[in-house]
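This report concerns only the one structure given below.
Just so you know, these numbers use all the heavy atoms, side chains as well, and skip hydrogens, waters and symmetry mates.
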Amino acid sequence: MKKMTKKKKLFRKVTALAAVIALGASLAGCGSSGEETTQRYSWPLATASPEDTVTQIFAEKFAEEISELSDGRMKIQVYANSTLGGDRDLLETCADGDIPFVVQNTAPQVSFMGDLAVFDLPCVFDSLDECREKIDNPEFYELISNVYTEGGYHLLGMADQGFRVMSTNKPVYSFSDFKGQKIRTMENSYHLAFWKAIGANPTPMSFSEVYIGLQQHTIDAQENPYEVIVSNNLYEQQDYVVETNHLPHLISLIVNDDFFRDLPADEQEIMTEAAKIATEYAREQSDARIVDKIAKIEESGTKILTLDDQTRADIREASQSVYESIKENIDPAIYNAYMDGIEN
């Protein structure tokens with residue numbers, strides 16, 4: 001894959017003050033004081049997610065560990081909630097080097113790095129532990145890291161918000177119950193193909209319109225991780241949450257590759273270690289928060305339905321066309337490494 005070409009600068013969704021802060025932080029670098037290197041400005045780390053999310057926890061823990069491991073010499077300032085731009089803006093400004101660090105879900109990155117569509121393979125894992133073990137597998141992690149490098153980024157770590165699940169007003173007890181359900185999805189061709197394959201009627205829609213769409217019954221269902229369902233009160237408009245667990249909601253911590261390579265070796269090591277600690281912490285927090293979100297949903301009266309093994313097998317069999325499509329469009333080595341030990 002060729003390295004991504006530089007994009008034209010976008011109009012930033014920031015205030016004039018925030019823009020000055022971001023630009024100053026990214027260009028200031030470090031200054032010398034004797035033999036010690038003292039960072040004069042905080043490097044910006046941006047997300048498009050609200051503050052009360054695992055994404056923010058991941059970002060803040062990374063910034064905290066960077067400061068602690070460097071004895072305060074290295075500083076990162078986290079900007080959440082699209083303060084410095086939406087997901088696409090952040091990817092482009094990170095590739096350009098304007099914002100060194102970004103934490104975000106892998107889904108919007110597929111249009112920049114096609115091989116990341118491997119994470120759109122449906123119903124691969126039966127548990128988060130299996131998924132995390134695969135992500136951490138040295139062979140697979142190296143392959144995915146190379147994808148980010150070719151895109152102009154350096155992958156520091158990958159956490160998650162658990163699995164994506166379906167919320168609906170029509171119960172799902174067997175495979176046939178998906179038929180005809182009008183479900184909102186992201187504008188991702190593989191996601192659309194998956195829901196069509198299992199008989200549903202997928203409808204791309206801006207996330208900001210989902211709550212009102214459920215309220216007015218223009219859609220029957222939507223799919224997201226538990227944290228998003230609760231933080232946006234979507235469960236208030238739904239009678240059921242179906243644990244389809246069709247995709248892991250993965251969150252990557254990335255840094256501009258040129259920026260990372262220009263750092264001294266000791267600072268690269270600090271970032272690598274800080275990211276490792278933050279990744280484990282974010283995963284632990286994700287697990288705890290899922291338990292909390294499930295309890296809140298159940299307290300509201302919305303029922304949580306778990307699919308049996310036969311239904312999951314039926315879903316995977318029906319979605320083989322999605323597997324074939326992704327397999328044809330990504331690096332075979334990445335596909336094989338991801339499916340090693342799983343594919344029948």
Side-chain angles (χ1 to χ4, degrees), residues 13 45-63 78-90 102-109 119 128 131 158-169 183-188 191 203-216 218-253 278-279 281-305:
K13 296 179 181 178
L45 184 160
T47 84
S49 299
E51 293 183 358
D52 186 24
T53 60
V54 174
T55 300
Q56 180 73 3
I57 290 171
F58 192 12
E60 292 283 2
K61 183 63 174 176
F62 175 65
V78 177
Y79 295 88
N81 207 26
S82 299
T83 302
L84 301 183
D87 279 321
R88 186 177 184 88
D89 301 338
L90 296 182
V102 168
V103 178
Q104 67 180 186
N105 173 231
T106 58
Q109 298 173 349
F119 299 126
L128 282 174
C131 177
M158 192 169 282
D160 61 72
Q161 279 186 190
F163 285 119
R164 299 180 74 88
V165 297
M166 174 189 191
S167 68
T168 179
N169 288 322
I183 181 169
R184 179 268 175 182
T185 70
M186 291 187 286
E187 292 187 13
N188 177 304
H191 292 200
T203 304
M205 179 185 291
S206 169
F207 183 72
S208 61
E209 300 173 0
V210 173
Y211 188 92
I212 191 74
L214 293 172
Q215 188 177 53
Q216 295 180 349
T218 56
I219 52 175
D220 303 311
Q222 66 83 50
E223 54 86 43
N224 262 300
Y226 273 113
E227 183 157 290
V228 174
I229 292 172
V230 173
S231 64
N232 291 276
N233 300 315
L234 301 180
Y235 67 96
E236 295 176 350
Q237 300 298 328
Q238 304 272 241
D239 295 327
Y240 305 94
V241 170
V242 184
E243 290 196 321
T244 47
N245 294 352
H246 49 286
L247 293 174
H249 189 89
L250 298 170
I251 307 169
S252 62
L253 166 58
T279 297
Y281 182 76
R283 289 173 176 177
E284 292 170 2
Q285 291 299 305
S286 177
D287 290 343
R289 289 168 71 91
I290 289 171
V291 171
D292 178 68
K293 305 309 180 188
I294 289 175
K296 188 166 186 176
I297 289 171
E298 290 179 327
E299 287 170 7
S300 76
T302 297
K303 296 180 180 179
I304 294 178
L305 306 178

Separation of [Y] [atom2] from [X] [atom1] (nearest 0.5 Å):
X    : Y    : atom1 : atom2 : answer
E299 : Y235 : CD    : OH    : 9.0 Å
I229 : Q237 : CD1   : CD    : 13.5 Å
H246 : M166 : NE2   : CE    : 9.0 Å
F58  : T279 : CZ    : OG1   : 3.5 Å
E236 : I297 : CD    : CD1   : 11.0 Å
L253 : K61  : CG    : NZ    : 14.0 Å

Do the non-hydrogen side-chain atoms of [X] and [Y] ever get within less than 4.5 Å of each other?
X    : Y    : value
F119 : M158 : yes
D239 : K303 : no
R184 : N224 : yes
N232 : V210 : no
I183 : D220 : no
T53  : E227 : yes
D87  : N105 : no
T47  : V102 : no

#### Entry: Qualifying residue, where the test is side chain to side chain contact (heavy atoms under 4.5 Å, CB included) with S49 and the options are I251, N81, T55, V228
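Going through I251, N81, T55, V228 one by one, the side chain to side chain contact (heavy atoms under 4.5 Å, CB included) with S49 is satisfied by T55 alone.
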Heavy-atom pair with the smallest gap, counting every atom of [X] and [Y]:
X    : Y    : answer
A48  : L90  : N-CD1, 3.8 Å
G162 : I290 : CA-CD1, 3.7 Å
Y240 : T302 : N-CG2, 3.7 Å
Q56  : P50  : CB-O, 3.9 Å
L45  : A59  : CD2-CB, 3.6 Å

### Message
Restricting to side chain to side chain donor-acceptor pair (under 3.5 Å), what partner residues turn up for S231, sequence neighbours left out?
### Response
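By the side chain to side chain donor-acceptor pair (under 3.5 Å) rule, S231 matches no residue at all.
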### Query
What residues form a side chain to side chain donor-acceptor pair (under 3.5 Å) with Q238, not counting sequence neighbours?
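S167, N169.
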### Message
Please check this pair: side chain of D287 against backbone of E284, looking for a donor-acceptor N/O pair closer than 3.5 Å.
### Response
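Flag not set: sc D287 to bb E284 has no pair under 3.5 Å.
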### Query
Is there a side chain to side chain contact (heavy atoms under 4.5 Å, CB included) between V241 and Y226 once you walk through the steps?
CA-CA 9 Å; V241 170; Y226 273 113; 3.7 Å; yes
### Task
Dump the intermediate steps for side chain to side chain contact (heavy atoms under 4.5 Å, CB included) on V242 and T168, then the final yes or no.
CA-CA 8 Å; V242 184; T168 179; 3.9 Å; yes
### Query
Do T244 and E223 have side-chain N/O donor and acceptor atoms under 3.5 Å apart?
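The answer is no; no qualifying pair exists.
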### Message
Walk me through whether T218 and E209 qualify under side chain to side chain contact (heavy atoms under 4.5 Å, CB included).
### Response
CA-CA 10 Å; T218 56; E209 300 173 0; over 6 Å; no
### Task
Decide if atom CD of E298 counts as having more than 12 heavy atoms of other residues, nucleotides or ligands within a radius under 6.0 Å.
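Yes, the 6.0 Å shell around CD holds more than 12 heavy atoms from other groups.
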### Message
How about CD on E187, more than 12 heavy atoms from neighbouring residues, nucleotides or ligands closer than 6.0 Å, or not?
### Response
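Result for CD/E187: open.
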### Task
Could you check V78 against V103 for side chain to side chain contact (heavy atoms under 4.5 Å, CB included), going step by step and ending with a plain yes or no?
CA-CA 10 Å; V78 177; V103 178; over 6 Å; no
